[in-house]
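Working notes, beginning with the structure itself.
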Amino acid sequence: MFALVDCNNFYVSCERVFQPQFENKPVVVLSNNDGCVISRSEEAKALGIPMGAPEFKYRDLIMQHQIQVFSSNYALYGDLSQRVYQVLSQFTPDIENYSIDESFLNFNQVKIDDYNAYGTAMKKRVQKWVGIPVCVGFGPSKALSKIANRVAKKFKERTQGVYVIDTEEKRIKALKWTKIEDVWGIGFRLAKKMQAKGILKAYDFTLSQHEAFIKQTMGVVGLRLRLELLGEAVLQLEEQPEAKKNIAVTRTFEKSITTLDAMRDRVSTYATVASEKLRKQNSCCYGLILYLRKDKYRIRNERYNFSKYERLPFATQSALTISQVALKMLNELFAEGQIYTKAGIILTDIIPQDQKQFHLFEEENPKHEKLMKVMDEIRKKTGERKIRIANQDLNRTWKMKQNHLSKRYTTNLKELLEVKCISQPK
């Protein structure tokens with residue numbers, strides 16, 4: 001039996017953990033640079049705030065109903081996500097962290113007599129230990145556990161946030177209720193093709209007369225999904241990758257950039273952050289991609305995305321080397337006077353550091369490794385980048401537009417939650 005545990009309105013729930021005064025009140029969380037709504041409380045949904053809504057278009061509605069707005073606090077969300085994962089791992093050793101707010105669990109090695117009671121216990125422990133509300137769906141396959149979770153979330157009062165598909169009757173009933181566009185792995189375009197063929201519900205997807213069409217349209221992936229919906233577990237939990245194959249640091253600027261000096265500072269900063277991520281997973285890279293994007297709304301029928309790739313002569317994890325190469329590429333790619341809205345650094349051809357091959361005639365300065373260790377240690381202690389490389393502006397702190405950012409209650413010592421105790425007279 002599999003289970004999918006999904007955190008309810010995760011980003012909003014994270015904000016409410018440390019600010020309970022917003023319980024039962026409309027709350028939304030915005031994307032990078034406070035652009036669009038990416039998480040909504042149930043109260044905000046009821047007021048008509050759609051997912052992905054541009055903040056400026058709904059500003060009047062937000063003010064009218066006094067909707068509480070937060071900027072994305074990824075440090076807080078990531079930490080609470082890890083805490084939820086640690087709690088869930090106490091219920092089974094087989095767990096897959098599917099996304100920041102979802103986890104698949106496999107209970108083949110755990111003897112459970114009552115899955116509904118077990119799911120309720122999981123739900124209560126996460127709520128008590130972390131403060132995040134979750135819904136739990138059980139099914140004989142990963143795809144069915146996804147559907148069971150949707151049922152649990154849709155009918156909370158009836159299911160109490162836990163639903164188990166453990167009979168053929170429940171499986172068929174759930175599939176006939178689930179729309180084809182809500183099936184795991186069926187995107188917008190595939191849903192249109194399925195609907196045109198008369199496949200409107202998940203149950204229709206499992207019928208034998210549609211098997212040939214599914215194979216033609218989706219290939220082996222579609223056939224596996226069909227078997228999953230029929231109750232056959234063909235998709236197992238994925239092992240967590242030890243290291244990323246690519247590392248990307250891309251940002252949309254708070255304000256447009258038109259000068260090379262300003263862009264050099266941005267690119268150098270992104271290269272430094274990317275190298276930190278590389279060292280954190282004990283890896284080196286051979287490839288580097290620089291990405292620039294112009295303001296596409298101010299140019300007509302012209303190219304606005306630009307990128308350049310460079311193969312390094314030796315594997316590196318040094319911020320100095322990566323930044324130097326990135327700035328060399330920037331000089332070749334940047335057009336003075338143009339308006340740029342976004343830039344990024346992507347590290348590719350990544351290998352473990354212990355597999356690094358040394359070269360006879362061209363190699364990195366060995367002092368770089370010691371310097372990077374010092375920089376990482378200082379950043380780990382202070383939580384800030386106190387030491388920067390010389391081509392960064394030491395007097396400038398670049399950041400996203402985050403006008404509604406909450407504190408990093410669990411990851412920054414300077415922003416810990418303060419509790420005031422007032423003694424009562426006897």
Side-chain angles (χ1 to χ4, degrees), residues 30-36 71-75 78 244 246-280 285 287-299 302-312 316-348 350 368 371-372 375-376 378-379 382-405 408:
L30 303 179
S31 62
N32 291 345
N33 290 308
D34 292 345
C36 301
S71 302
S72 293
N73 189 340
Y74 296 119
K244 295 181 179 179
N246 295 299
I247 292 177
V249 178
T250 63
R251 299 287 188 275
T252 300
F253 307 138
E254 184 178 0
K255 296 181 180 179
S256 300
I257 288 179
T258 58
T259 64
L260 180 59
D261 286 343
M263 186 65 82
R264 284 171 62 88
D265 183 37
R266 283 293 73 213
V267 169
S268 183
T269 299
Y270 297 163
T272 301
V273 176
S275 69
E276 289 173 358
K277 295 184 177 183
L278 196 62
R279 294 192 296 274
K280 189 174 182 180
C285 74
L288 175 63
I289 297 174
L290 172 64
Y291 166 76
L292 301 178
R293 186 176 75 187
K294 294 181 180 179
D295 188 342
K296 63 180 179 180
Y297 298 107
R298 300 193 184 188
I299 57 178
E302 295 181 20
R303 181 182 173 190
Y304 56 86
N305 284 320
F306 300 85
S307 63
K308 186 175 180 63
Y309 169 82
E310 179 123 354
R311 174 79 179 182
L312 305 178
T316 183
Q317 58 175 207
S318 168
L320 300 174
T321 301
I322 294 172
S323 177
Q324 184 178 13
V325 174
L327 292 178
K328 171 179 170 290
M329 298 164 65
L330 177 63
N331 290 332
E332 300 171 358
L333 205 58
F334 187 84
E336 195 75 41
Q338 296 294 314
I339 301 175
Y340 293 89
T341 59
K342 187 176 183 178
I345 293 290
I346 304 172
L347 305 181
T348 64
I350 294 175
H368 284 203
L371 178 58
M372 294 302 109
M375 292 176 65
D376 291 341
I378 292 176
R379 180 174 179 270
T382 64
E384 301 177 5
R385 296 182 178 89
K386 295 290 187 181
I387 299 179
R388 305 184 190 182
I389 56 182
N391 49 32
Q392 292 179 266
D393 189 341
L394 301 180
N395 297 318
R396 178 178 294 173
T397 300
W398 290 86
K399 61 183 181 66
M400 292 185 294
K401 179 182 177 183
Q402 294 176 305
N403 295 332
H404 313 283
L405 186 64
R408 294 163 292 179

For Ser318 against Thr316, the heavy-atom pair lying closest together:
N-OG1, 3.0 Å
Could you go through the side chain to side chain contact (heavy atoms under 4.5 Å, CB included) check for Ile289 and Leu347 one step at a time?
CA-CA 6 Å; Ile289 297 174; Leu347 305 181; over 6 Å; no
Please report the shortest heavy-atom distance between Ala326 and Leu290, naming the atom on each side.
O-CD2, 3.9 Å
Please report the closest heavy-atom contact between Glu276 and Asp376, naming both atoms and the distance.
CG-OD1, 4.3 Å
By the salt bridge (Lys or Arg N to Asp or Glu O under 4.0 Å) test, which pairs, at least two apart or in different chains, include something from residues 330-341?
Lys308-Glu332, Lys328-Glu332
Do the side chains of Ile247 and Ile350 get nearer than 4.5 Å, heavy atoms only?
yes
Side chain to side chain contact (heavy atoms under 4.5 Å, CB included) between Asn32 and Arg251: does it pass, once the steps are laid out?
CA-CA 8 Å; Asn32 291 345; Arg251 299 287 188 275; 5.5 Å; no
Nearest-0.5 Å distance, CD of residue Gln402 to CG of residue Leu30
10.5 Å
Could you tell me whether the side chain of Asn331 reaches within less than 4.5 Å of the side chain of Leu260, counting heavy atoms only?
yes
Side-chain heavy atoms of Leu278 within contact of Cys285, under 4.5 Å
yes
At what distance, to the nearest 0.5 angstrom, does CG of Leu288 lie from OG1 of Thr321?
11.0 Å
Using the side chain to side chain contact (heavy atoms under 4.5 Å, CB included) criterion, which residues pair with Ser256? Sequence neighbours excluded.
Ile339, Thr341
CD on Glu302 to NZ on Lys294, rounded to 0.5 Å
6.5 Å
Residue pair Tyr270 / Asp265, side-chain donor-acceptor N/O under 3.5 Å
no
Note, Thr258 side chain near Gln338 side chain (heavy atom, < 4.5 Å):
no
Please examine the side chains of His404 and Ser71, heavy atoms only from C-beta on, and report whether any two atoms are closer than 4.5 Å.
yes
Please check if the number of heavy atoms outside Phe306 that lie under 6.0 Å from its CZ is greater than 12.
yes
Begin from the C-alpha positions of Asn305 and Tyr291 and carry the test side chain to side chain contact (heavy atoms under 4.5 Å, CB included) through to its verdict.
CA-CA 8 Å; Asn305 284 320; Tyr291 166 76; 2.7 Å; yes
Backbone N or O of Gly344 within a donor-acceptor pair of the Thr250 side chain at under 3.5 Å?
no
Met263 versus Leu292: any side-chain heavy-atom pair under 4.5 Å?
yes
How about Tyr309 and Thr348: do any of their side-chain heavy atoms sit closer than 4.5 Å?
yes
Tyr340 and Phe334: ring-ring contact (aromatic ring centres under 6.0 Å, His included), yes or no, with the steps?
CA-CA 9 Å; Tyr340 293 89; Phe334 187 84; 4.9 Å; yes
Please lay out, stage by stage, how Arg279 and Met372 fare under the test side chain to side chain contact (heavy atoms under 4.5 Å, CB included).
CA-CA 9 Å; Arg279 294 192 296 274; Met372 294 302 109; 3.3 Å; yes
Taking every non-hydrogen atom, the tightest pair across Leu405 and Ser72
CD1-O, 3.5 Å
Please find the pair of heavy atoms, one from Ala319 and one from Thr272, that lie closest to each other, and give the distance.
CB-CA, 4.2 Å
Measuring from Tyr304:OH to Lys342:NZ, what's the distance to the nearest 0.5 Å?
11.0 Å
Ile322 and Ser275: which non-hydrogen atoms are nearest, and at how many Å?
CD1-CB, 3.8 Å
Scan side-chain atoms only and decide if Arg264 and Ser268 contain a donor-acceptor pair under the 3.5 Å cut-off.
no
